[in-house]
Structures are given as C-alpha cells and as structure tokens.
Amino acid sequence: MSFFTDLAHQYIDGEWRTGSGSWDIIDFDPYNGEKLAAITVATVDEVDEAYRAAERAQAGWGETNPYSRRLVFERALRITEERESEIIEAIVTELGGTRLKAGYEVHLAKEFLREAIQLAIRPEGRILPSPVDGKENRVYRLPVGVVGVISPFNFPFLVTLKSVAPALALGNAVVIKPNQNAPVVGGGLIAKIFEDAGLPAGLLNVLVTDIAEIGDALIEHPVPKVISFAGSDRTGRHVAAVAGSHFKRAILELSGNSALVVLDDADIDYAVEAAVFSRFVYQGQVCMAANRVLVDRSIEQKFTEKFCARVAALKTGDPADPATDIGPVINSFQAEALTSLVDQALAEGATALVRGRTRGSLVEPTVLTGLPEDSPLLRQEIFGPVVLLLSFDGEEEAVRMANDSPYGLSGAVHTGNVERGVRFAKRIVTGMIHVNDSTIQDEPLVSFGGEKYSGLGRLNGDSTIEAFTTQKWISVQHGRSLFPF
C-alpha cells in the first residue's frame with residue numbers, strides 16, 4: 001500500500017511532513033479492515049504554519065495573470081486523466097466505494113477541473129455611475145485571500161476539488177483538512193496532483209488532524225477569510241457559529257432528507273430505476289440521497305412490487321468487484337447505528353418490505369414502510385442503504401409530506417407532464433429539485449446548495465465566484481468635490 005503511505009502526510013508549504021502531534025490517525029480499508037496508513041496528527045502550531053505559508057504565497061498568486069494561472073489547472077486535468085485508474089482504485093480501497101461510484105466521482109471531478117480552467121478568467125469588474133460630478137466608481141472583484149476547506153468522507157475527491165480548484169483559480173490560497181476517514185483521497189492525493197501540475201509551494205496545504213488536537217484553530221485563525229465546510233448539520237452549525245463570531249464567511253453544504261416523489265402519471269419503471277439509484281448509490285452515504293420515496297396511492301402497489309424486487313436484487317459485497325452494487329459503509333460503528341435505526345423503526349410499528357442483514361461493515365438494503373407520522377426517522381438524515389417508502393393521496397398531501405423535514409437539500413418529482421412537475425417542484429422548500437431524474441445531481445455551472453438545515457451559501461458557476469472573491473469599491477474624482485467645511 002505504498003500509494004497510501006506515500007501520500008499519508010501533512011503537506012505544508014510545499015513539503016511532505018510528519019505531524020508533530022502525540023497520536024496517529026489510522027486510515028483503514030472499510031471493507032476488510034486492513035490498515036492503509038498511520039498519520040501523526042497536525043498540531044495548532046502546524047495549523048499556523050500552513051495558514052502563514054498560504055498567506056505568503058497568495059500575495060503573488062493573486063497578482064498573477066489569470067491566463068497563466070489557468071495553465072496549472074490544464075495540467076492538473078491532464079494528470080487526473082492519466083491517473084484515473086489509480087484514483088478509482090484509491091476510492092474503492094479507502095472509501096469502500098463501488099467501481100460505479102468511483103468512476104462517477106472522478107468523472108464529475110474532471111468536469112469541475114475543466115470549469116476551473118475557465119473560471120480563472122471569468123471575474124469581471126464594473127464601472128458604475130455616480131451622482132457626484134466628475135466621479136467614477138470602479139468595483140473590482142478580488143480574491144478573498146486564503147480559504148479553509150473542511151471536506152467529508154463520502155465524495156472527498158470531488159467535494160474537496162469543488163472548493164479547492166475554483167478558489168485557487170480565482171487567485172486564493174487554500175488549506176484543506178480532509179475527513180479522518182479519507183485523508184488520502186480527500187487530501188494527499190489532491191495535493192500531489194497540484195504539486196505535479198506546477199502549483200507554487202504554499203498555495204495548497206493539507207492538514208490531517210482532529211478537533212481533539214486543534215480545537216477550533218482551523219476556523220478561528222486570523223488568516224482564512226472563508227471556510228468551506230461539507231458534512232453534518234450538527235457540525236455545520238458549530239462551524240457557522242465560530243466562523244460568524246470571527247466575521248468569516250461560511251459556505252456550508254450539510255445534511256439532507258430528500259424526497260423522491262412519484263405522481264400518479266409517472267413512468268413507473270423509470271421512476272423505480274431513478275429511486276433505486278437515488279437511494280443506494282455509494283450505500284446511501286450521499287447528502288442528496290432520497291431518504292424518502294413518496295408514491296401516489298393509485299400506483300403504490302405496482303411501484304412497490306417493482307421497487308422492492310429491484311432493491312432485493314442489488315448485490316452487496318466487495319467494492320472491488322465490478323458486479324457489486326452495495327459496498328461497505330464507512331465503518332462498523334456506522335453499520336451498527338443503521339441496524340439500530342431499523343430496529344427502532346420496526347419497534348415503532350414500521351414494516352420491512354426488504355430486510356437486509358448486517359455483516360461487519362456490510363449493510364444490505366432495507367425498505368421500510370408504514371412508519372407512524374410522528375416517527376423521528378421521517379425527519380432525519382439516514383446515511384446508509386435504508387429507504388422509507390411512503391404513500392400519499394394527491395399532490396397537496398405530497399407537497400406537505402415532502403416539506404415536512406428540517407432539511408432542504410435536494411429532491412425529485414416524476415410525472416408524465418413536465419410542466420406539472422415544474423409547478424410541483426417550485427412548491428418544495430429545497431435548494432435543488434429535479435423533474436424526472438435522480439435526486440443526486442451536480443454540475444459545474446449550476447448553483448448547488450440547500451435551504452433550512454441543509455446549508456448556507458452556494459457553490460458552482462457564478463456562485464463559486466461569489467463564494468471565493470470579494471468586491472472592492474475604488475472611486476476616482478476626476479474633477480473636484482465640494483466639501484461642507
């Protein structure tokens with residue numbers, strides 16, 4: 001496993017280093033429990049070193065011609081393409097992602113790298129009129145400076161790059177703290193790609209550490225002006241509070257409890273396929289995953305039969321096997337938590353139409369129905385291969401049920417009438433919703449983010465420019481102003 005041991009380090013100011021903490025983070029293969037690497041944690045001192053290195057490097061990078069900056073991203077894209085099979089293997093091994101999931105993640109990551117190439121030259125300034133004679137108002141769009149990126153374990157290569165690449169392209173420097181379960185795919189691997197692409201030292205730094213070691217130093221440090229965080233709403237609430245108290249901008253992509261709604265005129269077979277993908281890709285460990293599948297009562301029986309048959313046929317096992325549909329969840333603790341959730345639902349009166357077994361970190365798919373309306377399971381994120389199948393009578397009830405959640409990240413509606421679907425979608429309080437498609441969508445140009453407890457701010461396209469730049473007003477008086485003193 002030299003690939004993992006080579007990249008399982010701190011990366012500060014262009015140097016691969018061992019952390020100076022007193023304990024190690026152990027990187028495991030979630031399928032077989034094999035130890036991939038041990039990484040000594042970074043300390044508060046190393047947080048300071050990384051941010052100071054970023055601050056020094058950013059001063060020149062922000063002044064670099066954007067046409068020159070984008071050459072780095074052209075090379076990073078070529079490197080990613082050349083090493084695609086290696087990256088896919090790393091995702092399978094470190095995350096337990098199936099080959100389907102790994103290929104999907106790398107494909108999207110390449111699309112975001114292509115967008116970063118263009119993003120470098122997209123920011124525009126403005127000249128605005130003034131009511132004062134002789135005055136010219138110039139509004140410049142400038143890099144914020146340094147961005148802190150705290151990334152998740154589930155799509156670490158993609159989600160980390162979604163912040164890192166545009167932030168760098170726009171003239172910023174970046175410090176990444178990858179999730180402990182993905183220190184290489186979400187950290188060292190990305191640093192290596194950019195190092196080999198010729199990114200100047202100090203502009204990208206990776207700190208593998210934990211709040212138990214550094215507390216809130218990563219957020220409180222005076223250098224970063226923006227914190228981009230993807231993870232749970234519980235942690236996101238803390239990140240937002242700390243960032244806000246230090247007058248930092250927080251971009252938060254948080255938990256979801258998405259509903260995929262099947263109206264009475266939907267193509268049932270197609271809706272079944274969309275629902276199975278929306279819930280079970282990467283074992284359901286996706287913030288946009290369809291926790292709840294809502295089906296009009298008039299087609300409930302037919303949909304349920306086909307859906308359950310398709311779910312029961314999913315193969316659970318070794319993620320390295322191309323035939324595997326469901327690999328391991330990220331660790332045995334998560335597997336046990338999912339098993340407890342199912343047991344809780346059954347105790348509340350739910351029925352298991354499909355009941356999967358749990359074997360170590362392998363959790364087979366489960367389909368639950370008949371949950372009481374006050375069940376807390378209906379309103380929480382389920383991060384695993386468990387789906388709630390619910391029925392409704394008519395659109396009004398469907399809207400009420402879909403919105404009955406503290407979250408609002410994604411969603412989908414299936415119908416034979418596209419405009420009916422759009423009208424329905426507008427009534428759902430969510431940042432993203434898709435007509436006749438999966439709940440899991442991400443594209444470089446389209447604003448991505450959630451409502452309610454699912455986050456703050458947006459990424460992708462113009463939203464990314466807003467996230468990682470600031471505006472500066474410089475006025476020029478070509479004549480003479482008149483002052484009252």
[X] with [Y]: basic N within carboxylate O range, under 4.0 Å:
{"X": "R114", "Y": "E81", "value": "yes"}
{"X": "R458", "Y": "E253", "value": "no"}
{"X": "R420", "Y": "E395", "value": "yes"}

Modelled atom types, side-chain donor and acceptor of [X] and [Y], under 3.5 Å:
{"X": "S410", "Y": "T439", "result": "no"}
{"X": "S391", "Y": "R297", "result": "yes"}
{"X": "R427", "Y": "N403", "result": "no"}
{"X": "N154", "Y": "Y282", "result": "no"}
{"X": "Q180", "Y": "D210", "result": "yes"}

- Task: Take Q10 and I39 through the side-chain contact (heavy atoms from CB on, under 4.5 Å) test and state the conclusion after the steps.
- Result: CA-CA 8 Å; Q10 315 297 336; I39 308 169; 3.9 Å; yes
Heavy-atom donor-acceptor pair, [X] side chain to [Y] backbone, under 3.5 Å:
{"X": "R279", "Y": "L388", "answer": "no"}
{"X": "D29", "Y": "E94", "answer": "no"}
{"X": "T369", "Y": "L389", "answer": "yes"}
{"X": "K225", "Y": "V223", "answer": "yes"}
{"X": "W61", "Y": "A169", "answer": "no"}
{"X": "T469", "Y": "P143", "answer": "no"}
{"X": "S278", "Y": "A274", "answer": "yes"}
{"X": "K306", "Y": "E273", "answer": "no"}
{"X": "T339", "Y": "A335", "answer": "yes"}
{"X": "T324", "Y": "I326", "answer": "no"}

Measure the shortest side-chain to side-chain distance between [X] and [Y] over non-hydrogen atoms and say whether it is less than 4.5 angstrom.
{"X": "V262", "Y": "I268", "value": "no"}
{"X": "E451", "Y": "M432", "value": "no"}
{"X": "N172", "Y": "V146", "value": "no"}
{"X": "V342", "Y": "R355", "value": "yes"}
{"X": "V184", "Y": "D27", "value": "yes"}
{"X": "L368", "Y": "V387", "value": "no"}
{"X": "I150", "Y": "S228", "value": "no"}
{"X": "I227", "Y": "V239", "value": "yes"}

- Task: Decide side-chain contact (heavy atoms from CB on, under 4.5 Å) for R141 and R126; before the verdict, give the C-alpha distance in whole Å, the side-chain angles of both, and the deciding distance to 0.1 Å.
- Result: CA-CA 9 Å; R141 189 169 283 281; R126 303 169 69 195; over 6 Å; no
To check you understand the geometry: which heavy-atom pair defines the closest contact between [X] and [Y], and what is its length?
{"X": "Y11", "Y": "A191", "value": "CD2-CB, 3.6 Å"}
{"X": "F303", "Y": "V295", "value": "CD2-CG2, 3.5 Å"}
{"X": "S232", "Y": "L254", "value": "O-CD2, 3.6 Å"}
{"X": "L338", "Y": "P385", "value": "CD1-CD, 4.0 Å"}
{"X": "A412", "Y": "I433", "value": "N-CG1, 3.7 Å"}
{"X": "G186", "Y": "P156", "value": "CA-CB, 3.7 Å"}

Tell me, please, whether [Y] has [X] positioned over its six-membered ring: NZ or CZ under 6.0 Å from the ring centre and within 45 degrees of its axis?
{"X": "R400", "Y": "F392", "result": "no"}
{"X": "K162", "Y": "F157", "result": "no"}
{"X": "K101", "Y": "F155", "result": "yes"}

- ring pair (Phe, Tyr, Trp, His ring centres under 6.0 Å) contacts touching residues 228-281 (sequence neighbours left out):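 Qualifying pairs, neighbours excluded: Y270-H414.
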- Residue pairs, two or more places apart or on separate chains, that pass ring pair (Phe, Tyr, Trp, His ring centres under 6.0 Å) and touch residues 160-187: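 As it turns out, there is no ring pair (Phe, Tyr, Trp, His ring centres under 6.0 Å) pair with a partner in residues 160-187 once direct neighbours are skipped.
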- Message: Evaluate T316 against D325 for side-chain contact (heavy atoms from CB on, under 4.5 Å), listing each step before the verdict.
- Response: CA-CA 6 Å; T316 303; D325 301 303; over 6 Å; no
- Is the CZ atom of F424 crowded by more than 12 outside heavy atoms at less than 6.0 Å?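 Correct, the count exceeds 12.
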Please report the interatomic distance [atom1]([X]) to [atom2]([Y]), rounded to the nearest 0.5 Å.
{"X": "D296", "Y": "D264", "atom1": "CG", "atom2": "CG", "answer": "4.5 Å"}
{"X": "H434", "Y": "N436", "atom1": "NE2", "atom2": "CG", "answer": "12.0 Å"}
{"X": "F448", "Y": "I251", "atom1": "CZ", "atom2": "CD1", "answer": "13.0 Å"}
{"X": "Y31", "Y": "L362", "atom1": "OH", "atom2": "CG", "answer": "6.0 Å"}
{"X": "N205", "Y": "I176", "atom1": "CG", "atom2": "CD1", "answer": "8.5 Å"}
{"X": "D462", "Y": "T464", "atom1": "CG", "atom2": "OG1", "answer": "8.5 Å"}

- Query: side chain to side chain contact (heavy atoms under 4.5 Å, CB included) with I190: which of L161, T80, L7?
  - Reply: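 So, applying the side chain to side chain contact (heavy atoms under 4.5 Å, CB included) to I190 and each of L161, T80, L7, only L161 qualifies.
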- Query: What residues form a side chain to side chain donor-acceptor pair (under 3.5 Å) with T351, not counting sequence neighbours?
  - Reply: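 T351: no side chain to side chain donor-acceptor pair (under 3.5 Å) contacts found.
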- Derivation of the side-chain contact (heavy atoms from CB on, under 4.5 Å) call for L218 and Y51: CA-CA 9 Å; L218 202 79; Y51 274 136; 3.7 Å; yes
- Query: Out of E84, E105, E115, which one pairs with K110 under the side-chain hydrogen bond (donor to acceptor under 3.5 Å, both in side chains) rule?
  - Reply: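 Exactly one pass, corresponding to E84.
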